[in-house]
Amino acid sequence: MSREKTIPTAALVLGAAGIIPFLACTVGLAAGLTLPVIGGGARLTQALIVYGVAILSFLGGVRWGIALGYEDDGQARRDYAIAVVPALVGWGAALLAPTPALWTLCAAFILLGLMDYGLYCREVAPEWYGRLRLGLSGAVALLLGVAAASA
């Protein structure tokens, strides 16, 4: 695996842009705002939960993609199984009341960020990916925690 340390500009910019919905919803919740009625009255909390589930699922897909490159079938099977967990946790969180859902997502992002950093430690992902995931997961977890406290 490449030891490349510089985060590619596209990954950094798009990763940071992915935080915008977390930030916007959290600021809106803290300010007591609501979304206009859209097909039955979507709320900021719902929007934040749905976006969190989508991003968790995406990150699980990234893990699946990394596992595709493994030569060891046992390691691949383990990481394929791990790759589906974020989507399942997100789905379960979406079935909870808003505050527990946000705390569940917060914990999931912390754990997945640490596990994704572990991909670099195991030398199956570049160093920049591990650092990017730690930073983005930390920011997302902080925003979800603030949102949970505001919900």
Side-chain angles (χ1 to χ4, degrees), residues 1-2 4-68 78-122 124-151:
M1 178 54 49
S2 166
E4 182 62 41
K5 294 182 180 187
T6 304
I7 299 172
T9 302
L12 183 60
V13 170
L14 293 171
I19 292 179
I20 293 170
F22 288 107
L23 179 62
C25 289
T26 299
V27 168
L29 282 170
L33 302 176
T34 59
L35 286 175
V37 175
I38 302 171
R43 296 177 34 214
L44 279 173
T45 307
Q46 292 168 318
L48 183 56
I49 291 167
V50 168
Y51 186 67
V53 171
I55 297 302
L56 276 178
S57 296
F58 169 80
L59 293 171
V62 171
R63 277 192 89 83
W64 186 284
I66 289 171
L68 287 172
R78 183 196 67 228
D79 275 10
Y80 289 143
I82 290 170
V84 301
V85 171
L88 294 173
V89 169
W91 176 69
L95 299 175
L96 299 173
T99 301
L102 292 168
W103 283 121
T104 300
L105 292 173
C106 178
F109 274 97
I110 291 169
L111 291 173
L112 191 57
L114 293 171
M115 290 178 71
D116 283 352
Y117 185 77
L119 293 172
Y120 154 67
C121 295
R122 289 179 20 220
V124 295
E127 180 180 347
W128 68 260
Y129 181 73
R131 289 187 299 110
L132 178 68
R133 288 291 299 116
L134 279 180
L136 293 176
S137 290
V140 167
L142 175 66
L143 289 168
L144 287 168
V146 169
S150 300

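Just so you know, these numbers come straight off a predicted model, no measurement behind them.
Within the structure, the salt bridge (Lys or Arg N to Asp or Glu O under 4.0 Å) test picks out no pair touching residues 14-36 (sequence neighbours left out). Contacts classified as salt bridge (Lys or Arg N to Asp or Glu O under 4.0 Å) and involving residues 97-118 (residues at least two apart or in different chains) are given here: R63-D116, D116-R133. Screening residues 86-113 for salt bridge (Lys or Arg N to Asp or Glu O under 4.0 Å), with sequence neighbours left out, gives no hits. Among residue pairs with one or both ends in residues 126-151, none qualify as ring pair (Phe, Tyr, Trp, His ring centres under 6.0 Å); sequence neighbours excluded. Residues in residues 82-101 take part in no salt bridge (Lys or Arg N to Asp or Glu O under 4.0 Å) pair, two or more places apart or across chains.
Partners of L68 under the side chain to side chain contact (heavy atoms under 4.5 Å, CB included) rule, at least two apart in sequence or in another chain, are W64, Y80. Every side-chain hydrogen bond (donor to acceptor under 3.5 Å, both in side chains) that R122 has, sequence neighbours left out, goes to Y70, D79. Take F58 and apply the ring pair (Phe, Tyr, Trp, His ring centres under 6.0 Å) test, not counting sequence neighbours, and it matches no residue.
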Review item, side-chain donor-acceptor pairs of residues 82-104, under 3.5 Å, at least two apart:
unit_1, atom_1, unit_2, atom_2, d
T104, OG1, P100, O, 2.8

Under 3.5 Å, which donor-acceptor pairs do the side chains of residues 16-33 form with other protein atoms, sequence neighbours left out?
unit_1, atom_1, unit_2, atom_2, d
T26, OG1, F22, O, 2.8
T26, OG1, L143, O, 3.2

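With values rounded to the nearest 0.5 angstrom, L56 atom CG is found 11.0 Å from Y51 atom OH. The distance from atom OG of S137 to atom CG of L144, rounded to the nearest 0.5 Å, is 10.5 Å. With values rounded to the nearest 0.5 angstrom, E127 atom CD is found 12.0 Å from L132 atom CG.
In plain terms, the two heavy atoms of A141 and I110 that are nearest each other are CB-CG1, 3.5 Å.
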